[in-house]
Every structure is written in C-alpha cells, then in structure tokens.
Asks: 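Below you will find the structure I want to go over with you.
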Amino acid sequence: MAEQPVRVLACGDVEGRLTALFTRVQTIQKKAGPFDLLLCVGEFFGSTPEAEAEWQQYKTGAKKAPVHTYILGAASQKAAKSFPSADGCELADNITYLGRRGVFTGVSGLQIAYVSGREALQEPAPAHCFTSKDLSALVAPLTGGSKFRGVDVLLTSQWPRGVWQYGNPPEVNTKFCGSDSVADLADHLKPRYHFAALEGAHYERLPYRNHVILQENAQHVSRFIALAAVGNPAKKKYLYAFNIVPMKTMEPSELVKQPQDVTENPYRRTAKDKPKTGFNATPEEPAGQFFFDLSQKQGAGFRGRGRKRHSDEDGRGREQQQRDGGEGRPDGQNKQPRRPPQPTGPCWFCLASPQVEKHLVISIGTHCYLALAKGSLTPHHMLILPIGHYQSVVELSSEVLLEMEKYKSALKSFYKSKGERCVLFERNYRSQHLQLQVVPVPLDRCTTEDIKEAFMVQAQEQQMEMMEIPEHTDLKQIAPPGTPYFYVELDSGEKLYYRIQKHFPLQFGREVLASEALLNIPTRADWRECKQSREEEEASCKQLRDDFQPYDFAWED
C-alpha cells in the first residue's frame with residue numbers, strides 16, 4: 001500500500017452551496033472515483049438564509065458529505081461565527097475543520113500544511129486572519145530538520161503574491177492580488193501542490209522548480225492551482241482532481257523528475273525586490289548589485305546615433321563596429337546604479353572606444369547596437385552588442401536585455417523576408433565584451449532540428465556535454481556572472497548551454513554552422529580567413545544597412 005497514490009479532489013470557495021458541490025462530487029465519484037478526500041480552500045460557509053438552511057441539513061445528519069471533506073477557516077468577519085474556535089474539529093459527519101494553521105498527515109503518509117484566512121494587516125488580528133507568528137509556528141517545526149524536502153500539499157485561502165512571475169499570466173488584477181507572506185510560506189514549504197481561492201478565478205500556473213540548475217541538487221517541482229467558486233455563472237473550474245503518491249514513500253529519482261514546461265521559481269527574487277514581511281524579512285542588497293559586480297569601476301553609459309565598435313571574436317582579433325553619421329552624446333538620463341562598468345583597457349566593442357570600427361555599424365539603439373560581423377560567415381551575419389562594457393548576457397541590466405530582445409525580433413523578421421531562419425550564439429570565454437552572434441541559415445538548407453543536432457553531435461565529439469535549457473528558464477539562473485559558457489538560441493525558442501570547464505575551441509559556433517551538415521562552407525569556419533578589405537566591408541555594410549532599415553526600430557526613435 002505504501003506506494004499507492006492518494007486520490008484527491010480540491011475545491012474553491014463553496015460559499016454555502018453544499019448541495020451543488022456534493023452533487024457534483026457524487027457524479028465524479030461514479031465516473032472516476034472513488035476519491036479519498038476533498039480539500040476546500042476559500043470561504044466554505046455562505047451568509048444567506050438558504051445557505052444556513054443547507055448547512056443545518058448536514059449538521060443534523062439529514063444529509064452527509066459523500067467523501068471525507070476538510071475545510072479551511074473563515075476568510076471574512078461574517079463567516080467567522082460559523083467556526084466554534086481556532087482549533088480544528090469535526091463540524092458534521094464527514095466534514096472536518098482543519099484549524100487556524102497546522103499540518104495534517106493522513107494514514108497514507110500524505111502531508112498537508114494549511115493556513116486559514118487572510119493576512120492580518122493590524123494587531124491584534126481578527127479571527128479570520130493569520131499573523132506572521134502563525135506562519136513561523138507552522139514553518140519552524142517542518143523545516144528545522146535536515147531531512148525536510150517539502151510538503152505534499154499546501155492549502156491557503158489567499159493567493160501567494162507574485163506566483164505569476166516567469167509563468168503564464170492569470171486573469172486577475174495582479175496589482176491587488178495575493179499575500180507576500182503566503183508567497184514566503186510557499187517558498188519555505190516547497191509544496192508539490194498549492195491550492196488557493198478567494199479571487200473568483202481559475203488559474204493553473206506552469207510548474208516551477210525549487211532549485212537553481214547546476215548550483216543546487218535537483219528537487220521536486222511545485223504546482224500552484226487557484227480555483228473559482230462553486231456554481232459560478234461563468235462556469236470557471238472550481239474542482240480539481242489529482243492522484244499523488246506521498247513524498248515520503250517515493251524514490252528520490254522519481255520525485256525530482258522535471259516536466260518539459262517547468263519554469264523558474266517565482267519567489268526567488270533578489271532581496272531588494274522582496275517585500276519586508278514580518279514572517280521573512282531579509283536585508284536589501286546594495287542598489288545595482290543584482291545586475292553586475294560593483295567592484296568593477298563604472299563609467300557613464302553612452303548614447304546616440306554615432307558610435308563605434310570592434311570585435312574580439314576569439315579574444316585576440318577585431319570584429320565589430322558602428323554606424324556612420326550622428327554624434328554620440330552622454331546620456332544625462334542615466335541612473336547611477338545602471339551605469340555599465342568601464343573596460344580596464346582598450347576594447348574593440350565599446351561604442352565609445354577609439355578602437356571601434358565605425359564603418360561596420362548597422363544600427364544604434366539606446367543601449368545596444370548592431371554591426372556586421374568582421375569575416376562574416378554569410379553576407380547577413382551580424383552581431384548584437386551592448387553599447388556599454390558588459391562581458392556576458394547574464395550581466396546585462398533589464399533595460400539592455402529588453403532592447404537586445406527587440407533587436408532579436410527585428411532580425412528574425414528581416415531574415416524571414418529573405419527566406420532564412422537565424423541561429424544566435426554567445427561564447428563567454430576569452431572575450432571581454434559581449435558579442436551575440438546572429439547567423440542566418442536558408443530555410444531550404446536544413447531544419448531547426450538539423451541545426452540542434454549538429455551542435456549536440458559536434459559537442460559530443462569534442463567530449464563536451466551540451467544541455468538543453470527548459471523553455472521558461474532564464475540563463476541567469478544557470479550561469480551566475482563570471483561563469484564561462486557557450487550558449488545557443490534556435491529560432492524555435494529552444495536553447496542549448498555548455499558550461500566551459502578548461503579549454504574550449506574558440507571557433508566552435510562558426511565551425512558547427514559552417515559544417516557540411518548545415519551551411520556547407522567549411523573554409524569559412526575561421527573568421528580570419530574571411531577578411532575583406534576596408535572598401536569591401538564598407539560596401540557590404542551600406543547594402544545591409546539599407547536592406548535592414550525597414551525593420552530597424554532605432555530609426556523610429
């Protein structure tokens with residue numbers, strides 16, 4: 001019996017509609033049952049005379065719940081009178097009030113943590129509210145042991161604030177939705193399933209992981225599900241059925257399996273972004289520390305239509321540039337913490353640097369610029385570069401990242417008009433300034449799957465284990481600043497990553513794309529073998545600049 005799944009139903013706000021709920025449950029029991037228990041979150045009791053009359057039938061035994069039903073306490077002052085005390089108790093045959101907060105463990109070993117009511121905004125807290133002390137008293141005994149991995153189920157009436165971060169958006173007003181303390185509670189307890197209600201909405205968030213890839217041991221994923229009210233006119237989902245094998249009886253390898261659509265943890269925010277709650281107050285980080293190392297010297301960012309740049313494609317050569325015309329100007333709008341660090345020596349790619357070859361620049365935005373790759377693989381091979389001095393994508397500030405995405409989108413549209421798909425790659429190794437290589441591949445030459453396979457196979461041949469990054473994972477979660485890596489982004493949205501250990505072939509990205517399986521131009525694998533004269537570069541760049549202009553959002557600024 002140990003490994004038998006427990007069959008569970010979860011329900012949103014009942015609001016006194018007991019007959020409607022239990023009639024529906026009986027139907028489900030006949031079709032797909034039997035279920036072992038029903039868990040109700042949100043408001044269970046109603047305030048109308050009809051609701052009171054319905055309840056009396058169950059309270060007196062005239063009617064009986066068809067399955068063991070466990071409910072949370074009041075989430076409003078009005079409903080508080082329906083509960084005899086803060087302690088759990090049986091309210092009617094098969095209907096049990098769990099209590100203000102605590103842990104319920106069934107005979108199967110299934111562990112259910114719960115907190116009733118809403119977050120208290122003042123002291124003393126009303127009967128329908130919980131306090132930070134309630135949450136601390138719940139968390140401390142559970143997480144105190146070294147063997148704690150999480151709970152099977154968490155029941156709260158309120159949503160955790162910010163649960164939608166990195167995931168699919170809910171149909172609620174997120175500005176006013178949820179509790180910061182519930183978010184901290186979920187972060188601490190790592191529930192495999194977390195149910196909530198009160199918002200009148202049905203929302204099944206994509207599963208999220210409870211560990212940082214390559215930095216922490218793999219852990220199970222969490223699923224947050226919000227349910228609507230019973231009998232709601234919009235017919236939004238209010239019942240959720242699932243099978244669950246208790247965590248304590250599962251093999252660790254089975255428990256930590258990651259689904260394809262798993263995302264980052266929505267609660268793993270930086271300390272400066274996290275609210276200070278009484279339950280889990282954390283010190284703020286110094287401003288700007290999240291984005292880059294403040295130990296480096298920082299200088300003013302540079303902005304305007306005349307800039308420069310050059311390339312260091314393998315850390316020892318030149319490579320990129322900037323556009324003719326326009327004058328550079330310091331950005332008086334720059335916020336002090338956002339200023340990118342200055343290079344410690346000459347940099348071929350900083351737009352304000354004298355080393356930049358201006359004639360190779362295609363487009364200049366506010367934070368990034370686009371340049372023709374020196375010794376390009378194909379005539380449309382370009383680079384996206386930050387104007388300021390950043391070493392890798394994971395060190396970029398949010399505004400630079402945003403504009404980089406705009407350039408990616410513009411280039412995809414441009415290449416599509418030419419019958420091409422694009423491959424993006426970055427090598428954060430033996431290079432001091434980020435160069436995001438963008439290489440177009442004709443649609444009729446190979447498929448995206450062919451490109452992916454070519455990277456994986458050639459990596460394997462060189463004893464490099466390239467991994468696929470889950471779709472909703474941010475590169476920053478995998479590669480902290482300073483980590484040497486090679487990264488590929490395909491037009492399908494698939495992403496490949498290799499954590500560079502000791503040595504790495506500097507031309508690896510070009511070699512794969514130039515191979516017979518893809519572009520079939522092996523003699524162009526080394527950029528130094530593809531150099532053009534200054535005049536040829538100027539002519540190529542002018543043609544490309546003119547072709548790209550209809551897609552260049554920077555011209556609209």
Side-chain angles (χ1 to χ4, degrees), residues 6-26 28-29 35-48 51-61 63-106 110-118 126-130 134 138 151-159 182 191 193-200 225-232 238-242:
V6 183
R7 310 202 66 206
V8 185
L9 288 169
C11 178
D13 303 275
V14 180
E15 296 175 339
R17 300 183 188 93
L18 303 181
T19 303
L21 168 64
F22 292 135
T23 301
R24 178 71 183 137
V25 168
Q26 277 180 317
I28 294 172
Q29 283 276 56
F35 285 89
D36 299 302
L37 63 161
L38 168 65
L39 306 173
C40 297
V41 291
E43 289 284 26
F44 184 76
F45 291 106
S47 55
T48 64
E52 179 60 32
E54 272 193 58
W55 170 238
Q56 285 303 318
Q57 290 185 296
Y58 288 90
K59 191 174 180 181
T60 59
K63 287 186 177 180
K64 180 181 173 181
V67 63
H68 289 292
T69 302
Y70 297 88
I71 73 171
L72 292 184
S76 66
Q77 191 68 54
K78 226 183 262 183
K81 61 178 173 49
S82 300
F83 296 89
S85 74
D87 299 322
C89 59
E90 187 171 79
L91 299 177
D93 195 5
N94 255 9
I95 299 177
T96 302
Y97 163 47
L98 288 168
R100 187 187 185 103
R101 45 93 180 151
V103 180
F104 170 77
T105 304
L110 189 74
Q111 194 173 47
I112 302 169
Y114 57 89
V115 176
S116 293
R118 299 177 184 267
H128 66 284
C129 293
F130 62 83
D134 287 313
L138 173 60
V151 297
D152 290 304
V153 180
L154 173 62
L155 306 178
T156 64
S157 287
Q158 274 188 298
W159 286 32
V182 171
Y193 285 88
H194 179 184
F195 294 96
L198 298 184
E199 296 293 335
I225 296 135
L227 295 163
V230 172
N232 66 88
Y238 64 84
L239 264 180
Y240 182 91
F242 66 107

Asks: Does anything in residues 6-26 pair up under ring pair (Phe, Tyr, Trp, His ring centres under 6.0 Å), and if so which pairs, sequence neighbours excluded?
Replies: F22-Y58
Asks: So, for W55 and A92, which heavy atoms are closest and what is the spacing to 0.1 Å?
Replies: CH2-CB, 3.7 Å
Asks: Quick one about H68 and T96 (side-chain donor to acceptor, distance below 3.5 Å, no hydrogens or angles considered), yes or no?
Replies: no
Asks: Just grab all the salt bridge (Lys or Arg N to Asp or Glu O under 4.0 Å) pairs involving residues 91-100, residues at least two apart or on different chains.
Replies: K64-D93, R100-D134
Asks: Minimum heavy-atom separation for A197 and G42, please, with both atom names.
Replies: CB-CA, 3.9 Å
Asks: From S157 OG over to F130 CZ, what is the distance, rounded to the nearest 0.5 angstrom?
Replies: 9.0 Å
Asks: Give the intermediate values and the outcome of side-chain contact (heavy atoms from CB on, under 4.5 Å) for residues L198 and R118.
Replies: CA-CA 10 Å; L198 298 184; R118 299 177 184 267; 3.8 Å; yes
Asks: Any idea which heavy atoms bring W159 and A226 closest together, and the distance?
Replies: CZ2-CB, 3.2 Å
Asks: In chain order, what residues pass the ring pair (Phe, Tyr, Trp, His ring centres under 6.0 Å) check against F83, with sequence neighbours excluded?
Replies: F45, Y97
Asks: Quickly, which of V230, L38, L227 forms a side-chain contact (heavy atoms from CB on, under 4.5 Å) with L239? Name it, please.
Replies: L38
Asks: Can you find a heavy atom in the side chain of V25 that is under 4.5 Å from one in the side chain of F35?
Replies: no
Asks: Quick one: ring pair (Phe, Tyr, Trp, His ring centres under 6.0 Å) partners of F195, sequence neighbours excluded?
Replies: Y240, F242
Asks: To the nearest 0.5 Å, what is the distance between CG (L98) and CG (L39)?
Replies: 7.5 Å
Asks: From H128 NE2 over to S82 OG, what is the distance, rounded to the nearest 0.5 angstrom?
Replies: 13.5 Å
Asks: Can you name the nearest heavy-atom pair linking T19 to E54, along with the distance?
Replies: N-OE1, 2.8 Å
Asks: Between C11 and Y238, is there a side-chain heavy-atom distance shorter than 4.5 Å?
Replies: yes
Asks: Tell me every residue that passes salt bridge (Lys or Arg N to Asp or Glu O under 4.0 Å) with R17, counting only those two or more places apart in sequence or in another chain.
Replies: E15
Asks: Over all heavy atoms of both residues, which pair between Q158 and V182 is shortest? Give the atoms and the distance, please.
Replies: O-CG1, 3.8 Å
Asks: Kindly determine whether L9 and Q29 satisfy side-chain contact (heavy atoms from CB on, under 4.5 Å), including the steps that lead there.
Replies: CA-CA 10 Å; L9 288 169; Q29 283 276 56; 5.5 Å; no
Asks: Fit a plane to each ring of F104 and Y70, take the angle between them on a 0 to 90° scale, and name the class: parallel (under 30°), tilted (30 to 60°) or perpendicular (over 60°).
Replies: tilted
Asks: Could you walk me through whether V67 and N94 pass the side-chain contact (heavy atoms from CB on, under 4.5 Å) check?
Replies: CA-CA 7 Å; V67 63; N94 255 9; 5.6 Å; no
Asks: Is there a donor-acceptor pair under 3.5 Å between the side chain of S116 and the backbone N or O of G99?
Replies: yes
Asks: At what distance, to the nearest 0.5 angstrom, does CZ of R7 lie from CD1 of I28?
Replies: 10.5 Å
Asks: State, with a plain yes or no, whether a side-chain heavy atom of V153 is found less than 4.5 Å away from one of V8.
Replies: no
Asks: Check the pair L37 / I112 against side-chain contact (heavy atoms from CB on, under 4.5 Å), numbers first and verdict last.
Replies: CA-CA 12 Å; L37 63 161; I112 302 169; 4.1 Å; yes
Asks: Show me, pair by pair, the donor-acceptor contacts under 3.5 angstrom made by side chains of residues 71-78, not counting sequence neighbours?
Replies:
unit_1: S76; atom_1: OG; unit_2: E43; atom_2: OE2; d: 2.7
unit_1: S76; atom_1: OG; unit_2: A79; atom_2: N; d: 3.4

